[in-house]
Amino acid sequence: MQSKFGANSTAITEFILLGLVETPGLQPVFFVVFLFAYLVTVGGNLSILAAILVEPKLHTPMYFFLGNLSVLDVGCITVTVPSMLARLLSHKRTVPYRACLTQLFFFHLLVGVDCFLLTAMAYDRFLAICRPLTYSTRMSQTVQRILVVVSWALAFTNALTHTVAIATLNFCGPNVINHFYCDLPQLFQLSCSSTQLNELLLFAVGFIMAGTPLALIITSYAHVAAAVLRIRSAEGRKKAFSTCGSHLTVVAIFYGSGIFNYMRLGTAKHSDKDKGVGVFNTVINPMLNPIIYSLRNLDVQGALWRVLRGRQSLA
């Protein structure tokens with residue numbers, strides 16, 4: 001076959017995704033569980049977005065970024081889970097070559113934007129706590145929009161780079177992917193071309209696209225911690241830390257699972273553990289984010305309650 005994205009020839013026109021479970025008797029159970037998880041995740045994130053839109057107290061830069069994060073979480077789970085549910089329902093495991101690369105592109109696009117938005121949220125907390133006098137000018141609506149646009153542009157470049165790079169590889173069999181969605185580590189395993197350059201590219205681009213934002217997040221919170229510790233009031237320190245705790249929890253989960261998934265290429269044969277990490281990345285993490293951000297935030301809880309009751313804030 002002629003590659004859809006390059007001049008290489010390959011004998012593979014479609015891949016077979018084994019999914020999460022191969023036992024026929026368990027497939028209906030998994031369908032119900034993941035359909036429920038999908039509906040909860042989409043409902044939870046859209047509720048957070050609605051709460052931010054209707055509650056004037058939440059019309060701040062931090063919640064602007066959180067609203068964007070909720071949209072990304074809905075997109076991330078939608079890229080992977082509905083197609084998996086369709087395969088469970090139809091018992092058809094094949095996915096066309098083009099569709100596989102398309103899924104890979106959008107998955108890395110959304111995860112990349114997620115990565116940069118988490119960095120923007122850390123920068124927002126740094127300005128709010130360490131530079132409160134200039135916060136309104138340094139985090140104006142124009143700056144917020146620029147940060148979002150730049151995040152999308154960088155993530156698009158990253159996703160396109162990996163998609164084009166994987167399309168240059170030859171796939172001549174086998175074509176069985178022991179996963180429930182298409183991703184780089186699993187495709188590397190199937191290629192009959194050398195993937196050394198692709199793996200080096202993944203590490204290099206990953207260092208720039210993920211390592212740099214992580215370093216900026218750590219630097220921001222180092223300054224935040226130093227500023228908070230200088231607050232004399234215990235209540236003041238508690239309040240300042242509480243505004244950062246939710247974000248730090250999401251960052252830890254996001255980067256922890258990402259490092260485990262991508263930074264161990266070439267060290268071991270990929271196994272069912274990758275499916276667990278995939279579930280964590282695409283289902284559990286997006287489902288936890290609304291809970292984490294609303295659990296200790298009274299303003300968000302109040303706005304969510306008003307949304308659920310169909311009443312907007314009167315504030």
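Checking side-chain atoms of His59 against main-chain N and O of Ile52 turns up a donor-acceptor pair under 3.5 Å. The closest donor-acceptor contact from the side chain of Asn198 to the backbone of Ala165 lies under 3.5 Å. Formation of a donor-acceptor pair under 3.5 Å by the Ser151 side chain with backbone atoms of Val113 is not found in this model. Here the side chain of Gln103 pairs a donor or acceptor atom with the backbone of Cys182 at under 3.5 angstrom. Under a 3.5 Å cut-off, the side chain of Asn45 and the backbone N or O of Thr41 do form a donor-acceptor pair.
Here the CZ-CG distance, from Phe254 to Leu288, works out to 14.0 Å after rounding to the nearest 0.5 Å. One distance of note links OG1 of Thr78 with CG of Leu72; it measures 11.5 Å at 0.5 Å rounding. The distance from the CD atom of Gln144 to the CZ atom of Phe65 is 5.5 Å, given to the nearest 0.5 Å. Rounding to the nearest 0.5 angstrom, the gap separating the OH atom in Tyr221 from the CD1 atom in Ile217 is 8.0 Å. Of the inter-residue distances, the one linking Leu154 atom CG with Leu109 atom CG reads 11.5 Å to the nearest 0.5 angstrom. Rounded to the nearest 0.5 Å, atoms CG (Leu20) and NZ (Lys275) are 6.5 Å apart.
With sequence neighbours left out, Asn175 forms a side-chain hydrogen bond (donor to acceptor under 3.5 Å, both in side chains) with no residue at all. Every residue two or more places apart in sequence or in another chain was checked for a side-chain hydrogen bond (donor to acceptor under 3.5 Å, both in side chains) with Ser191, and none qualifies. For Asn289, the side-chain hydrogen bond (donor to acceptor under 3.5 Å, both in side chains) partners are Asp73, not counting sequence neighbours.
With a 4.5 Å cut-off on side-chain heavy atoms, Leu35 and Leu39 count as touching. With contacts defined as side-chain heavy-atom distances shorter than 4.5 Å, the pair Phe15/Leu190 qualifies. With contacts defined as side-chain heavy-atom distances shorter than 4.5 Å, the pair Leu66/Leu58 does not qualify. For the pair Leu147 and Phe116, the minimum side-chain heavy-atom distance is 4.5 Å or more. At a threshold of 4.5 Å between non-hydrogen side-chain atoms, the residues Tyr97 and Thr13 do not count as touching. Between Phe280 and Ile253 there is a side-chain heavy-atom pair separated by less than 4.5 Å. A 4.5 Å side-chain heavy-atom check between Val279 and Phe180 finds at least one atom pair inside the cut-off. Inter-residue side-chain proximity for Val148 and Trp152 is flagged as met; some heavy-atom pair is nearer than 4.5 Å.
Between Phe107 and Tyr181, the angle of the ring planes lies from 30° to 60°, which puts this pair in the tilted group. By the 30° and 60° cut-offs, the orientation of the rings of Phe30 relative to Phe34 is parallel. By the 30° and 60° cut-offs, the orientation of the rings of His162 relative to His108 is tilted.
The two atoms that bring Ile129 and Cys244 nearest to each other are CD1-SG, 3.8 Å, heavy atoms only.
Within 6.0 Å of the CZ atom in Phe31, the count of heavy atoms belonging to other residues, nucleotides or ligands exceeds 12. Within 6.0 Å of OH in Tyr135 there are more than 12 heavy atoms belonging to other residues, nucleotides or ligands.
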